[in-house]
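In what follows, every chain begins at residue 1, and chains take the letters A, B, ... in the order their sequences are listed. The figures here come from the full heavy-atom set of this structure, side chains too, leaving out hydrogens, waters and symmetry mates. None of these values were measured; they are calculated from a predicted model.
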There are 2 protein chains.
Amino acid sequence: MTETDRRPPPGRVTLTDVATLAGVSVGTASKALSGNGRMRPETRDRVLEAARRLDFQPNEQARALLAGRTWTVGLVTTDGIGRFSTPVLLGAEDALGAGKISVLLCDTRGDAIRERHYVETLLARRVDGIIVTGRRTDPRPPLAGLRDVPTVYALSPSEDPADMSVASDDEGGARLATEHLITSGRRHIAHVSGPAHHAAAQHRARLTHDLLGQAGLELSGGKVHFGDWSEAWGRRAARTVLRAAPDTDAFFCANDQIARGVTDTLREEGRRVPDDIAVIGYDNWDVMALAARPPLTTVDMNLNEIGRIAALRLLDAIDGRTVGGVRTVACRLVVRESA
Amino acid sequence: MTETDRRPPPGRVTLTDVATLAGVSVGTASKALSGNGRMRPETRDRVLEAARRLDFQPNEQARALLAGRTWTVGLVTTDGIGRFSTPVLLGAEDALGAGKISVLLCDTRGDAIRERHYVETLLARRVDGIIVTGRRTDPRPPLAGLRDVPTVYALSPSEDPADMSVASDDEGGARLATEHLITSGRRHIAHVSGPAHHAAAQHRARLTHDLLGQAGLELSGGKVHFGDWSEAWGRRAARTVLRAAPDTDAFFCANDQIARGVTDTLREEGRRVPDDIAVIGYDNWDVMALAARPPLTTVDMNLNEIGRIAALRLLDAIDGRTVGGVRTVACRLVVRESA
DNA sequence: AAACTTTGAGCAATGGTTTTCTTGCCGGTA
DNA sequence: TACCGGCAAGAAAACCATTGCTCAAAGTTT
């Protein structure tokens, strides 16, 4: 029997193995490793050496069972882990990882049945908390079936105002863009947006309209151009606006894809950006904003920050400091060449 | 004392609570719920009713501790959960979710220290297995420090051929594109690619070159145009090729961004796509491929399938059926309007 | 030298579930 | 009536780490 033979064949090394090798009881071994109990330095060293030799790692399962905490949070996303939820997710993971908390990923693909199923799984696994995130900024119904598990909604706030939510300051973002255009001397500003029933489109449109009004200006073309979030719509809208209001000198687009479509059309129509017409996008989606000609000035929602703050609020809630309500995160204008 | 008072205030309902309410022992309650033991139907019903009343859910932690399995796998990604790893991840999650397995997400951001840290975390949590995925298709060094945890490398194969890897059939993808162009009558085919040191660029270039040779053709412009993966490079390369070889009638681009840059330039130069010049991309990245004018014919790597197969191999390995080596997943040509 | 303090280390309970082993009871057969 | 088979249900061990408590020995004080 060599020493390695005492290692259990399939399973991992357990504290009992360490204690046996060091010639002490499990209790003593535990205290030696955690540094909690008092003991002769010599004993401690023997345990530490044994743990090192066996490459011991405490079983989180057992620890969690005892502590009643799993140091795990569930991250429920509804949009297939897309462009919006990914940065939120990473921001959250960053903040949580610092506190030794792991993230259990659940993608519901927008399906209520799956969502329900995932919530039950997370509950069965006794997660310490849940973060819910989605593609749209429209409020969403609160997660059904969770009992007293702390939950934070990121990006898509909960419809229940008592829940904790972290949202983007849509109106602030629109303000950044519009004021940038006004202060740089633009006077005939068009606004091209996505579907009129999206909250994001509504907020940005309302604020743009209001700010122009306060500056004594009107929307170029006389109205907000609602459509969809695509480049193709941006191209179509740009042509429409140029025909209806040829003196337009700026476009504020409610996302970068629309903005890119607009710049493409402007270039094809022989208008120089930004000399003749300025263009501002929204989202700061690098593949769009940087590949556009010229690179887009655009509003960044600080999605990472939204995720980070959601995680911090969740950590607070887990520690019992629950403060309900929506908290908004400010946007940031990234100035490039298009405006 | 009403009945609800016996429910522990902060914690969840436990099997003991159910057993007490039903007037049986925990052991019996467990058997009733799992359907394993034999008992009077009346007793079973009483337990089931109690569980229903208390909304009991077994604690996965405790179950895992006993079974020595956690029904959890770690998903280690190196590229910030980007465009490539996301579909792989979803494919894997889909296959795993069917088997009641949850996914623990670890994003290393390409940092070796973080990677090491995550591996230790996953080991401490006793995950049943690990899937490693990354952005590049180049082989990567195997994960350090894991003992006997089954591991599958998806998209980025391991440098160790004994490890289990699932990779994309890069050469097959290039073959699909090139043969499509040749059979549709193109004779002067240019190949615009990414950095020459990327495995993906090399594989695609070599196969394109070889196939053209077999058909008695040569690369238009006489060589492969290596650059980077950007639209800007696609635009530049297209101009270079048109100048050097004006009779070029097709472009095979090693990703969709390059292809989009190429089509943009071709349109600006007055060449019609696909009438005058055909363009094929790679990746089938919808926001690029669909927004291009015309929409791109492109090679789809079936990333979902890669994730799915990686998950299935991992499940096999967890059950002891480990088969090392690289398995490649075939690509698929998505024909749209550009070729 | 006796009583007391300090210290080192083990014991056992804890957490929630599963599973094996055991006990007790009933009916049936010799 | 005695014995055995079968079945229902309980008791207890197992999983693994943590921690308060206990006990014993060494060391200190009067």
Side-chain angles (χ1 to χ4, degrees), chain A residues 7-48 50-51 54 56-72 100 123-128, chain B residues 6-48 50-51 54-72 100 123-128:
Chain A
R7 223 181 288 192
R12 317 256 176 293
V13 178
T14 152
L15 187 58
T16 313
D17 301 326
V18 176
T20 309
L21 181 57
V24 298
S25 73
V26 275
T28 306
S30 171
K31 287 166 197 160
L33 292 171
S34 68
N36 277 341
R38 266 202 288 264
M39 65 191 56
R40 228 175 316 171
E42 166 200 331
T43 311
R44 166 159 320 201
D45 291 346
R46 237 180 29 252
V47 173
L48 259 44
L54 297 175
F56 168 75
Q57 272 183 316
N59 187 332
E60 274 309 324
Q61 296 287 308
R63 203 179 252 177
L65 185 59
L66 196 60
R69 278 193 59 175
T70 54
W71 287 278
T72 307
K100 302 249 163 235
L123 253 44
R125 288 181 178 267
R126 301 294 195 268
V127 292
D128 295 335
Chain B
R6 90 170 39 142
R7 222 182 287 193
R12 317 255 176 292
V13 177
T14 153
L15 187 58
T16 312
D17 301 325
V18 176
T20 310
L21 181 58
V24 298
S25 72
V26 273
T28 306
S30 171
K31 288 168 201 156
L33 292 171
S34 68
N36 277 341
R38 265 202 288 264
M39 65 190 51
R40 230 176 317 171
E42 167 199 331
T43 311
R44 162 154 317 175
D45 290 347
R46 233 177 35 248
V47 174
L48 259 44
L54 297 175
D55 197 7
F56 168 75
Q57 273 183 316
N59 186 330
E60 274 307 327
Q61 295 287 308
R63 199 179 254 177
L65 182 61
L66 194 60
R69 277 193 60 176
T70 53
W71 288 278
T72 306
K100 302 247 161 237
L123 254 43
R125 287 179 177 267
R126 301 293 194 271
V127 292
D128 295 337

Let me have the donor-acceptor pairs involving side chains of residues 39-48 of chain A, under 3.5 Å, with sequence neighbours excluded, atom names and distances please.
residue	atom	partner	partner atom	Å
A:R44	NH2	A:G37	O	3.2
A:R46	NE	A:A22	O	2.9
A:R46	NH2	A:A22	O	3.3

Whole angstrom is fine here: how far is it from [atom1] in [X] over to [atom2] in [N]?
X     : N      : atom1 : atom2 : result
A:R40 : C:dA9  : CZ    : C1'   : 9 Å
A:W71 : D:dA17 : CH2   : C1'   : 11 Å
A:M39 : D:dA26 : CE    : P     : 18 Å
A:L33 : D:dT19 : CG    : C1'   : 14 Å
B:L15 : C:dT19 : CG    : C1'   : 13 Å
B:R69 : D:dA14 : CZ    : P     : 23 Å
A:R38 : D:dT18 : CZ    : C1'   : 18 Å
B:F56 : C:dG16 : CZ    : P     : 10 Å

Query raised in the report: Does the base of C:dT20 carry an N or O that pairs as donor and acceptor with the side chain of B:K31 under 3.5 Å?
Result: yes
So if I take every side-chain heavy atom of [X] and compare against [options], which nucleotide ends up nearest?
X     : options                : value
A:S30 : D:dT18, D:dC16, C:dT18 : D:dT18
B:N59 : C:dT17, D:dA17, D:dA9  : C:dT17
B:L66 : D:dG10, C:dA9, D:dC15  : D:dC15
B:A62 : C:dA9, C:dT17, D:dG10  : C:dT17
B:L65 : C:dA9, C:dT17, D:dC15  : D:dC15

Verify the contact: side-chain N or O of [X] to OP1 or OP2 of [N], cut-off strictly under 4.0 Å; return yes or no.
X     : N      : answer
B:T28 : D:dG10 : yes
B:T14 : C:dT17 : yes
B:N36 : C:dT18 : no
B:T43 : D:dA9  : yes
B:R63 : C:dT18 : yes

Query raised in the report: To 10°, what angle do the rotation axes through the five end pairs on each side of the helix from C:dA1-D:dT30 to C:dA30-D:dT1 form?
Result: 80°
